[in-house]
Structures are given as structure tokens and as C-alpha cells.
Amino acid sequence: MYYHYRMIKKGIDILVIDDDPDLCQLMEMMLKVAGFTTTGCNNPLFIQNVLETIEPRAILMDMLLSGTDGRDICRVLKSSAETKHKMIIMTSAHPDAEKTCREAGADDFLAKPFDMDILIKKVTDIINKISS
């Protein structure tokens with residue numbers, strides 16, 4: 001399995017975290033078309049390294065990440081003084097996932113499969129919430 005994350009300067013809009021490289025890249029492309037800056041991470045083991053390198057305004061993260069539970073990562077991020085302010089949108093195709101993701105601290109939820117317009121609206125809403 002191929003894992004990657006791209007190192008870029010601090011100040012990106014969205015960190016996209018999904019263990020499916022194709023879906024991660026697709027979400028990044030959709031967000032870039034809408035004018036957002038993004039970076040992607042396919043390996044949950046790299047998330048902390050990525051967050052030490054970049055300063056995303058928000059995080060778009062899958063609930064299940066190759067043996068790791070994204071809800072656990074969300075809880076850790078929301079309990080840390082350095083990252084608790086990060087807005088997190090969780091994604092999943094699992095039924096009832098929205099409730100458990102919100103209980104873990106997610107600020108919003110996006111059900112898979114999703115429409116590009118809904119993805120863009122949710123991210124735009126989160127970014128606007130941060131900016132106000």
C-alpha cells in the first residue's frame with residue numbers, strides 16, 4: 001500500500017486524511033477547484049508529523065483509517081492544547097457514524113458517498129466559522 005503526505009508551508013486551509021490514496025487525492029482536487037489550499041495524508045501514523053509541519057485551518061478525516069479509528073485521533077486532537085481549536089469534519093459510509101463522530105469531538109460530518117457541492121459547502125462553512 002502506498003502512503004504519502006506532502007510537506008508544504010504553514011498556512012494551508014485543509015488537511016485531508018484518508019487511507020485511500022485515490023479518494024484523498026480526489027477530495028484534494030475538489031477542494032483546490034473551489035479555491036482552497038490542501039495537503040493530504042494517507043497514513044494515520046504520519047498525522048502528528050504532518051501537524052508539526054503544517055498549520056491547517058481545518059481537517060477533513062475519514063472515520064476508519066487502515067486499522068486506526070479516526071474517532072480516536074479526533075479525541076486526541078480535541079484534547080490537546082495545540083490542536084483543540086482545529087475544526088474537524090469526519091467522513092464515513094458507515095450507518096450511524098455521524099453520531100459517534102460527533103461524540104468524539106468532530107465539528108461536522110460528511111456521509112460517503114458525497115457530492116462535490118456538499119463537500120465544498122461543508123468545508124466553506126467550517127472555514128467561515130473559523131474566520132468569524
Can [Y] be reached from [X] by stepping across I, L, V, M, F, W or Y side chains whose heavy atoms are under 4.5 Å apart?
X      : Y     : result
Val50  : Ile59 : yes
Leu110 : Ile17 : no
Leu65  : Met90 : yes
Leu45  : Ile73 : no
Met27  : Leu64 : no

Measure across [X] and [Y] and return the closest heavy-atom pair with its distance rounded to 0.1 Å.
X     : Y      : result
Cys24 : Gly40  : SG-CA, 3.8 Å
Met63 : Ser92  : CE-OG, 3.6 Å
Cys74 : Ala106 : SG-N, 3.5 Å

Ile89 side chain reached by Met61 side chain, heavy atoms, under 4.5 Å: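 Side-chain contact under 4.5 Å: no.
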First locate atom [atom1] of [X], then atom [atom2] of [Y], and finally report the distance between them rounded to the nearest 0.5 Å.
X      : Y      : atom1 : atom2 : value
Arg75  : Asp72  : CZ    : CG    : 5.0 Å
Thr100 : Phe109 : OG1   : CZ    : 7.5 Å
Leu26  : Asp22  : CG    : CG    : 8.5 Å
Phe36  : Thr124 : CZ    : OG1   : 3.5 Å
Arg57  : Ile14  : CZ    : CD1   : 8.0 Å
Leu15  : Glu28  : CG    : CD    : 8.5 Å

[X] (side chain) donor-acceptor with [Y] (main chain) under 3.5 angstrom:
X     : Y     : answer
Thr53 : Asn49 : yes
Asp20 : Leu23 : yes
Ser79 : Val76 : yes

Asp107: which of Lys86, Lys78, Arg102 passes side chain to side chain donor-acceptor pair (under 3.5 Å):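 With Asp107 as partner, Lys86, Lys78, Arg102 yield a single side chain to side chain donor-acceptor pair (under 3.5 Å), made by Lys78.
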Reference residue Pro56; test side chain to side chain contact (heavy atoms under 4.5 Å, CB included); the match among Thr39, Thr38, Asp13, Leu51: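 Testing each of Thr39, Thr38, Asp13, Leu51 against Pro56, the sole residue satisfying side chain to side chain contact (heavy atoms under 4.5 Å, CB included) is Leu51.
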Member of Ile126, Asp18, Leu119 meeting the side chain to side chain contact (heavy atoms under 4.5 Å, CB included) criterion with Leu60: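 Going through the options one by one, the only one that passes is Leu119.
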Whether over 12 other heavy atoms sit under 6.0 Å from Asp115 CG: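 More than 12 within 6.0 Å, yes.
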Exceeds 12 heavy-atom contacts within 6.0 angstrom, atom NZ of Lys112: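 Result for NZ/Lys112: enclosed.
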Salt-bridge contact Asp117-Lys121 (side-chain N to carboxylate O under 4.0 Å):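 Salt bridge absent between Asp117 and Lys121.
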Check against side-chain contact (heavy atoms from CB on, under 4.5 Å), Leu31 and Val16: CA-CA 10 Å; Leu31 292 167; Val16 180; 3.9 Å; yes
